[in-house]
Amino acid sequence: MPLSRRTLLTTLPASALLAVAAPLRARATTRPTTTGVADPGANHAALLTNTVAIFAGTAESNARPETAAKLAALTSTARARLAGLDGAGPGELFKGLPLGTSDANLNTSYQYLYEIALATRAPGPASSDLRDNVDLRRRVIDALARLHDTYYGDQSKGYYGNWFNWEIGISASVSKTLVLLKEELATYRPGLTATYLASMDAYLRNGKDGDVDLDSRFHTGANLADITTNRILQGAVTGDDARVVKAVADQLTVYATVDPYNPRHGVTDGFYADGSFIQHDSVAYTGSYGKVLLTRAVQTVKILEGTDYIDTATADLVAVVRGWVADGFAPLVFEGWMMEIVKGRGVSRTATGYTDVAVVVEAVVDLSGHSTGPDATALKGYVKFVRQTSKAALDPVVFVSPVSVARYADILADTSVPAADLGDAASHTAFNAMDKTVHRRPGYAFALARSSNRISKYEYMSGENLMPWFQGDGAHHLYLAGQDQTLAFGIDHYTTVSPYRLPGVTAPVETRRTIPELYGTAWYDNPERGFTSSSESQNTYVYFPRGTNTLSGGARLGTYGAVGLVLGDDAAYAAKQAGELPDDFVAYRNAAATKSWFMFDDEIVVLAAGVGDPAGRAVTTTLDSRIAAASDTVTVTGRLRDGSDWPGGDGGSGTAPGPVDWLRYADAGQEVSVGYVFLDGGGDRDGGGGGVPRPTVTLDTVTRSRRVVRTSNPDTPVTKRVFSLSVDQPTGARRLSMAHALVPNATERQLAAYEGYGRYGRGPLTVVANTTRVQAVEHRGLSLLAANTFTPGTHHAGRLTIDGAASVLVRTSRDGTVSLAVSDPTTERGTVSLTLRGRWLSAVATDDGVRVRRVLGGTRIDVDTHQAHGSSLTARLR
């Protein structure tokens, strides 16, 4: 299999970084002083200076008028923390944060001390009673000593609650505070730094001998970057060069592209060749842990600047991170909004979307300063592009570094750099390594969440994302250009849209209970059976269960794509049925469906077959759900097959009295619309009825508290107008098939042109097949045939004959050249074979592993998909 340009750009610099890591580890054990190695003291001084500059700014950056608001925010925060310190009651260091049993409050207390210390080190043009305030610094140091003596230092009493707070969170605040107050600590409490280092090492209980363990499931990805960054700072403060060198070497392993067939140290967390990012072994997480890793990576470049730790590999590190931005992040950012499909439990937080992208922008700003030539121009242009297209003004006050604020201002003021996205306006990205797909056009972006036995259905944890059950079962987000996405998605979408009616989802009609409702705690607590707050069993069956289905994936041909998914139960239900879980453990069964999404220019065609429930429950398939402001005028119009208008009631709600040609949702307040074209299903007795199901439209005014999706959210009521378009099957109904097209930004005139579409309709769309074995659509306007096959055996779709499960796209150009793309959506097949019937075609160009030969009646294409991990392989034939 050939390496694509994307793969090469990602893997080659990463391999170079791994080559640097080995000698660094050797250096960590030998403490070299030979000629050619920089003085460790000078290295450590540079590390400390760089770190203070990152978080507190420099005299130069802080003299800039653009950083004044950031400095004011630092000061305001510190004064608020001081007020909390003054108002603390018994058992508190800060008012309202009782200590002794809450690890979260202890972690926050350390963060507050760091924020006070930061204000004493931030340079500024104006005088400040906080800056260089010795009494204030000593007050922070005394508070550090008190926390250690009373709540942190006793190892027998610590390490309750979330492991993250003890191994990462507290250490991050303490390590930065030790850097900021290094000189004052040396004169006032010279032994406190060493005391804290010993305790922080002792709390690395998932490590080895108080250090990182690269074989630990806790020391991977963004978590490993956090831990090693903390240890770099600790080594710089204490002059422990071995600690710094070992931490740098350990962190370099994070930047290697993950090979799922040969994982280093068994780790599958990190970035993949197709741009996917995974954390927690199976969670698609670019928009949460991924952006944390991005931040740490760029900070590492800045912290190590001017030292000899990776001076020869810095360019490689920067190149790797640039690849992450272009291939991993940019496709997931739409008009300044981070897509929900890669945020795990973060989708239930109140500050997501535009705020997430601010973190990415700061990293890109700093990365551009360490790039040159076209690379720097591209990154700066992307910063401008996000600024121009975002519907929320990015406030650089949220940046971590005042230096970044100044750089951001310089980029925006640079007239020589044009605003430009890092990708094309029309694109299709198959993140098959994490079971996600993003399809983009100038007027919209379509994001699809899938799952399998490789990738989790969802993430729930710590009382966050309380009702996640169907988020990875083909749920989609259709983002429309020009809309403020906080009014369409984000926290209010998950608060007001029923978790059983997420757009694109087929779900049984039943009421499920959240984890706190089921067990009275934020997790299933049963230590005797291996269930503790951070156990592997908790991860596998409660926090982020994978599916039991193997088929989830698709092919990409240029800017077009085909994706298939067979719904499956999650791992917990399968284990419960097998008698492997305790009697009081609750697991839920899914409905059944085989689905495909075929993504073109103006339409996303969705096919479903075998839709129903093996247990005979009622089932709802939601074609779409959208929210609008309660005051917005929302209407649904349409046309039935008999030529009559859609007869819906209030705003267009109701159930169709007969087959429907098309419907149109319109929100006048936001000036947005979506069309729904209903196609003949093309089904048979195996896949269900092939007619046109009668959809139901509901338009409800829904009021719910944001706390229903996250226990720590404020109890803020949200009222939205909620639109839902569904096909409902009653209890005991036979399975059915259905087919429809989503048409973003559709006008009624545009939708009317689709009337009469069907298997033999007059328009460009034809449903070629729609069963549980094969689903296919032909788009005659594009001369494109797209097919997904789901079972062993021989399948026919138009002029295609496909052996076994596969995803295939075939397009014929005007000169007769045929382009095709093939992928294995199971990731388990060694070879995918297909025959293109008709005149024999010879190969013009093929990827490695694609073989073309003449057979009776057509052309045979054999594709080597062994260890391709769902990626597409292509060929051009004539």
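Residue indices begin at 1 and follow the sequence shown.
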Should Q279 and T220 count as side-chain neighbours, where that means a heavy-atom distance under 4.5 Å?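 When only atoms from C-beta onward are counted, T220 and Q279 do touch, with a gap below 4.5 Å.
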State plainly whether the residues [X] and [Y] are in salt-bridge range, i.e. N to O under 4.0 Å.
| X | Y | answer |
| --- | --- | --- |
| D240 | R231 | no |
| R79 | D129 | yes |
| K384 | D414 | no |
| R217 | D281 | no |

From [X] atom [atom1] to [Y] atom [atom2], the distance as rounded to the nearest 0.5 Å:
| X | Y | atom1 | atom2 | answer |
| --- | --- | --- | --- | --- |
| L136 | R131 | CG | CZ | 13.0 Å |
| D356 | L332 | CG | CG | 11.0 Å |
| F399 | T295 | CZ | OG1 | 10.5 Å |

Check the angle between the aromatic planes of [X] and [Y] and answer parallel, tilted or perpendicular using the 30° and 60° thresholds.
| X | Y | value |
| --- | --- | --- |
| Y444 | H439 | tilted |
| W166 | Y203 | tilted |
| Y354 | W337 | perpendicular |
| Y110 | Y196 | perpendicular |

Surrounding CZ of R387 (heavy atoms of other residues, nucleotides or ligands, distance under 6.0 Å), is the total greater than 12?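 No, CZ of R387 has 12 or fewer neighbouring heavy atoms, counting only those of other groups under 6.0 Å.
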Taking all non-hydrogen atoms of both residues, which atom of [X] and which atom of [Y] are closest, and how far apart?
| X | Y | answer |
| --- | --- | --- |
| L47 | V244 | CD1-CG1, 3.9 Å |
| T67 | R64 | OG1-O, 2.9 Å |
| T300 | L317 | CG2-CD2, 4.4 Å |
| V397 | A69 | CG2-CB, 3.6 Å |
| M434 | I455 | O-CG2, 3.6 Å |
| S61 | A406 | CB-CB, 4.5 Å |

Without hydrogens or angle criteria, can the side chains of [X] and [Y] be said to hold a donor-acceptor pair below 3.5 Å?
| X | Y | value |
| --- | --- | --- |
| H219 | N206 | no |
| E362 | S401 | no |
| D366 | S404 | yes |
| S371 | R322 | yes |
| T389 | E335 | no |
| T229 | R296 | no |

Side chain to side chain contact (heavy atoms under 4.5 Å, CB included) with Y289: which of L294, D269, V342, N223?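 One option only clears the test, and that one is N223.
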V254/T228 under side chain to side chain contact (heavy atoms under 4.5 Å, CB included): CA gap, chis, key distance, verdict: CA-CA 10 Å; V254 177; T228 50; 5.9 Å; no
Could you walk me through whether E340 and Y479 satisfy the side chain to side chain contact (heavy atoms under 4.5 Å, CB included) test, starting with their C-alpha distance in whole Å, then the side-chain angles of each, then the deciding distance to 0.1 Å, before giving a yes or no? CA-CA 11 Å; E340 278 80 358; Y479 304 96; 2.4 Å; yes
Is the Lys NZ or Arg CZ of K176 less than 6.0 Å from the centre of Y114's six-membered ring, within 45° of the axis?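 Here K176 passes the 6.0 Å and 45° test against Y114.
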Could you tell me if K291 sits above the aromatic ring of F329, with its cationic atom closer than 6.0 Å to the ring centre and no more than 45 degrees from the axis?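 No, cation not above the ring by the 6.0 Å, 45° rule.
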Indicate, with yes or no, if the rings of Y285 and F277 have centres closer together than 6.0 Å.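 That pair fails the under 6.0 Å test.
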Test T257 against F271 for side chain to side chain contact (heavy atoms under 4.5 Å, CB included), laying out the working first. CA-CA 6 Å; T257 304; F271 279 93; 5.9 Å; no
Report the C-alpha distance between V318 and T314 in whole Å, list the side-chain angles of each, state the deciding distance to 0.1 Å, and finish with yes or no for side chain to side chain contact (heavy atoms under 4.5 Å, CB included). CA-CA 6 Å; V318 170; T314 299; 4.3 Å; yes
